[in-house]
Peer 1: 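This is the structure, below, for whatever I ask next.
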Protein chains: 2
Amino acid sequence: MMVLTAALALADEGGLEELSMRAVARRLGVTPMALYRHVGDKGALLDGLVEVLLAELPMSGASAGWRGRLGDMAAGLRATARRHPSVFPLLLLRPAVTPGALRVRAVVDDALREAGLPESEVRRAERMITTFVIGFAASESGGRFSAGPAELDAEFAWAGDRLLEAVLGEAWGR
Amino acid sequence: MMVLTAALALADEGGLEELSMRAVARRLGVTPMALYRHVGDKGALLDGLVEVLLAELPMSGASAGWRGRLGDMAAGLRATARRHPSVFPLLLLRPAVTPGALRVRAVVDDALREAGLPESEVRRAERMITTFVIGFAASESGGRFSAGPAELDAEFAWAGDRLLEAVLGEAWGR
DNA sequence: ACCTGAACACCGTTCAAGT
DNA sequence: ACCTGAACACCGTTCAAGT
């Protein structure tokens with residue numbers, strides 16, 4: 001949808017405070033009220049932007065192996081946060097029940113099952129992993145960390161390993 | 001400062017979208033422009049609110065032991081998120097260099113040192129822990145999780161233990 | 001189906017002026 | 001020192017009307 005791509009471009013260029021219905025309309029060469037036929041509401045527009053981010057996430061095929069798929073997903077979320085730093089934090093504020101959020105959850109859940117984690121532990125392990133990854137990516141792209149990018153690369157990899165050890169416990173070789 | 005308490009009350013009652021300079025002024029029985037003598041800017045007002053949240057955090061004395069102090073800090077952050085769900089997520093978006101943020105970091109760093117973690121690992125361990133705790137609290141209070149509060153209580157405790165095992169590694173008894 | 005004009009009730013912020 | 005009035009350039013959204 002063209003409205004969403006115009007809105008995303010605006011947010012990327014000027015932050016959420018530059019993202020107004022009127023500015024989107026201006027960029028599309030149209031009257032503000034014309035948008036309401038396509039998007040319903042400003043809240044719906046923000047929800048739509050979050051979905052665009054999640055839809056952009058590259059999904060590696062099953063050939064990658066569970067560890068590779070988890071790593072790709074984490075790296076993808078981090079890259080998305082860097083590409084769209086103003087929109088990304090909204091991920092933490094909306095219920096994870098949209099198609100995009102469910103898709104991410106399914107990838108993580110499947111990988112954890114394939115790693116041998118008992119079904120009873122999959123849900124909480126998935127929440128722990130995605131909470132950390134999204135929190136890290138949002139913190140980094142929002143400037144909360146003071147460390148440089150190279151240091152954060154290493155730290156993110158280290159934290160991922162530690163988190164998997166912690167979550168998989170004796171289900172994995174430690 | 002009275003401006004900040006009025007602003008916090010507004011945000012708690014109606015969310016960030018109800019928080020305007022004009023509404024704060026209305027609540028204080030004053031003209032909007034009067035605020036600018038006290039707070040400089042709407043951005044500064046939001047920063048001030050984050051600092052109020054961090055200042056509210058109860059700090060347990062050294063008598064608690066490092067594990068107790070970490071647990072208290074995590075519980076305190078989570079309680080703060082539930083009390084002020086609209087303001088809390090701003091914590092993830094601002095550089096952690098304000099007095100309040102430094103205070104939290106100092107508590108975590110000291111506890112980790114006392115637990116025997118080598119100085120070279122303290123910084124990244126602190127980032128991992130606070131990122132997870134703040135991400136979890138923001139997710140929970142923002143409604144991202146679908147689980148109920150009792151389940152999340154247990155999960156938070158479990159995740160805290162796992163995270164400490166992961167971060168302290170052989171520096172701690174596992 | 002899709003878009004527009006006019007309107008309403010709001011914003012943040014500046015500046016000169018008042019006490 | 002602290003507050004106000006008037007003003008400027010914006011918002012989101014509704015509603016009736018146009019093609």
Side-chain angles (χ1 to χ4, degrees), chain A residues 1-53 55 84-95 98 100 142-143, chain B residues 1-53 55 84-95 98 100 142-143:
Chain A
M1 164 153 351
M2 231 168 146
V3 174
L4 290 179
T5 71
L8 185 55
L10 271 175
D12 289 345
E13 290 163 16
L16 282 185
E17 61 274 30
E18 300 279 333
L19 174 59
S20 66
M21 297 295 273
R22 294 175 114 106
V24 173
R26 213 151 36 223
R27 176 178 276 250
L28 292 173
V30 103
T31 273
M33 316 70 170
L35 299 181
Y36 287 83
R37 203 70 40 166
H38 299 280
V39 85
D41 209 348
K42 191 179 181 186
L45 184 144
L46 294 175
D47 290 349
L49 288 185
V50 171
E51 280 304 287
V52 170
L53 295 210
H84 310 290
S86 348
V87 175
F88 190 84
L90 298 179
L91 256 178
L92 277 176
L93 306 178
R94 316 244 97 240
T98 61
Chain B
M1 166 152 350
M2 232 167 143
V3 173
L4 289 178
T5 73
L8 184 55
L10 271 174
D12 289 344
E13 289 163 17
L16 282 186
E17 61 274 29
E18 301 280 332
L19 174 58
S20 67
M21 297 295 272
R22 294 176 113 104
V24 173
R26 214 151 37 224
R27 176 178 275 247
L28 291 173
V30 103
T31 271
M33 316 69 169
L35 301 181
Y36 287 83
R37 203 70 39 167
H38 298 281
V39 85
D41 208 348
K42 191 179 181 187
L45 183 144
L46 294 174
D47 290 349
L49 288 185
V50 171
E51 280 303 287
V52 170
L53 295 211
H84 310 290
S86 348
V87 175
F88 190 84
L90 298 180
L91 255 178
L92 277 175
L93 305 179
R94 315 243 99 238
T98 61

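What you see below is based on every heavy atom in this structure, not just the backbone, and it leaves out hydrogens, waters and symmetry mates. Residue numbering restarts at 1 for every chain, and letters A, B, ... go by the order of the sequence lines.
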Peer 1: Taking only side-chain nitrogens and oxygens of H38(A), does any of them come within less than 4.0 Å of OP1 or OP2 of dC3(C)?
Peer 2: yes
Peer 1: Check M21(B), K42(B), R22(B) against L35(B) for a side chain to side chain contact (heavy atoms under 4.5 Å, CB included) and give me the one that passes.
Peer 2: M21(B)
Peer 1: Quick one: CG on D47(A) to OG1 on T98(A), what's the gap to the nearest 0.5 Å?
Peer 2: 8.0 Å
Peer 1: As an exercise, state the distance from CD of E51(B) to CG of L91(B), rounded to the nearest 0.5 Å.
Peer 2: 9.0 Å
Peer 1: List the steps, then state whether side-chain contact (heavy atoms from CB on, under 4.5 Å) holds for L93(A) with V50(A).
Peer 2: CA-CA 10 Å; L93(A) 306 178; V50(A) 171; over 6 Å; no
Peer 1: What string of B, S and - do you get for nucleotides 8-19 of chain C 5' to 3' if you count protein non-hydrogen atoms under 4.0 Å?
Peer 2: ---BBBB-----
Peer 1: Would the distance check show the side chain of S20(A) and the main-chain N or O of A23(A) forming a donor-acceptor pair, the cut-off being under 3.5 Å?
Peer 2: yes
Peer 1: Figure out the CG/P separation between L28(A) and dC3(C), and round it to whole Å.
Peer 2: 10 Å
Peer 1: Would you sort out whether V87(B) and L53(B) count as a side-chain contact (heavy atoms from CB on, under 4.5 Å), showing the intermediate values?
Peer 2: CA-CA 8 Å; V87(B) 175; L53(B) 295 211; 3.9 Å; yes
Peer 1: So, applying side chain to side chain contact (heavy atoms under 4.5 Å, CB included) with S86(A), which one of L49(A), L16(A), L8(A) is it?
Peer 2: L16(A)
Peer 1: Once Watson-Crick and G-U wobble pairs under 3.5 Å are found, how is DNA chain D written in dot-bracket notation, 5' to 3', with | for any base paired to another strand?
Peer 2: ||.|||||...|||||.||
Peer 1: Show the nearest heavy-atom pair for residues V24(B) and A6(B), with the distance to one decimal.
Peer 2: CG1-CB, 4.3 Å
